[in-house]
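Below is one structure, written out as structure tokens, with a few remarks after it.
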Amino acid sequence: SCSGSLVVPSHGGLVKGLEYYGRVFAVNSLGYSVPGEAENFQAPMIVPSAPTGVTLDVVSSTELMVLFGSPSDNGGTSVTAYLIEWATSSLFLDVESTTLDYLAGG
């Protein structure tokens, strides 16, 4: 087990979606080893924020239309789909749903 100091990146913190790589050198009185490198990069990511501007309209006696915009924050990675739910109560006890694959620009 090793210990060390907490180091914050020079720009003030990790940036969501930015790839970070790591390596470590061993040090003794003769100098530095060659580095051991992490096999994979890491990119900080979180769930996206909520879709924006959500509205619900009745199209006909059998259809609803849900309109919405992209989230203001994608969490650091691309949004790949949207889960759309509808129900007859605001508690969503009788929920039905569908998934919409994300289409760029559409």
Side-chain angles (χ1 to χ4, degrees):
S1 168
C2 294
S3 62
S5 301
L6 172 66
V7 178
V8 177
S10 59
H11 46 71
L14 299 179
V15 177
K16 289 181 294 200
L18 184 62
E19 297 172 356
Y20 291 88
Y21 300 82
R23 65 184 184 179
V24 179
F25 297 83
V27 182
N28 65 17
S29 62
L30 298 176
Y32 293 84
S33 70
V34 295
E37 297 185 6
E39 291 183 19
N40 299 309
F41 67 85
Q42 293 293 315
M45 291 180 260
I46 60 172
V47 298
S49 61
T52 57
V54 179
T55 61
L56 178 66
D57 291 318
V58 174
V59 175
S60 70
S61 63
T62 60
E63 294 179 298
L64 294 171
M65 179 171 54
V66 180
L67 299 172
F68 58 92
S70 300
S72 60
D73 184 345
N74 68 8
T77 188
S78 297
V79 172
T80 58
Y82 292 93
L83 173 64
I84 301 169
E85 295 183 334
W86 61 95
T88 58
S89 86
S90 62
L91 297 176
F92 284 81
L93 300 174
D94 59 341
V95 69
E96 294 186 53
S97 66
T98 189
T99 302
L100 174 67
D101 291 331
Y102 178 71
L103 302 173

Treating Ile, Leu, Val, Met, Phe, Trp and Tyr as nodes and any side-chain heavy-atom pair under 4.5 angstrom as an edge, say whether [X] and [Y] lie in one connected cluster.
{"X": "Val79", "Y": "Val54", "value": "yes"}
{"X": "Val66", "Y": "Leu100", "value": "yes"}
{"X": "Leu64", "Y": "Ile84", "value": "yes"}

Apart from [X] itself, what residues make up its hydrophobic cluster, given side-chain heavy atom links below 4.5 Å?
{"X": "Leu93", "answer": "Leu91"}
{"X": "Leu67", "answer": "Val59, Met65"}
{"X": "Val24", "answer": "none"}

Checklist outcome for this item: Across all chains, not counting sequence neighbours, the side-chain hydrogen bond (donor to acceptor under 3.5 Å, both in side chains) partners of Thr98 are none
Checklist outcome for this item: Sorted by chain and residue number, the side-chain hydrogen bond (donor to acceptor under 3.5 Å, both in side chains) partners of Ser61 (sequence neighbours excluded) come out as none
Checklist entry - Who are the ring-ring contact (aromatic ring centres under 6.0 Å, His included) partners of Phe41, not counting sequence neighbours? => result Tyr21
Checklist outcome for this item: With sequence neighbours left out, the residues meeting ring-ring contact (aromatic ring centres under 6.0 Å, His included) with Phe68 are Tyr82
Item to check | Value rounded to 0.5 Å, distance of CG in Leu14 from OH in Tyr20 | outcome: 4.5 Å
Checklist outcome for this item: When rounded to the nearest 0.5 Å, the distance separating OG1 of Thr80 from CG of Asp101 is 8.0 Å
Checklist entry - With sequence neighbours excluded, what pairs up with Ala87 under the side chain to side chain contact (heavy atoms under 4.5 Å, CB included) test? => result Phe92, Asp94
Checklist entry - For Thr62, what residues pass the side chain to side chain contact (heavy atoms under 4.5 Å, CB included) criterion, not counting sequence neighbours? => result Ser60
Checklist outcome for this item: For residues 64-76, the side chain to side chain donor-acceptor pair (under 3.5 Å) pairs (sequence neighbours left out) are Lys16-Asp73, Ser49-Ser72
Checklist entry - Could you give all pairs that pass the salt bridge (charged side-chain N to carboxylate O under 4.0 Å, His left out) test and reach residues 74-86, with sequence neighbours left out? => result none
Return a table of donor-acceptor pairs under 3.5 angstrom between the side chains of residues 26-39 and protein atoms on other chains or two or more places apart.
residue: Asn28; atom: OD1; partner: Leu30; partner atom: N; Å: 2.8
residue: Asn28; atom: OD1; partner: Gly31; partner atom: N; Å: 3.3
residue: Ser33; atom: OG; partner: Ala26; partner atom: N; Å: 2.9

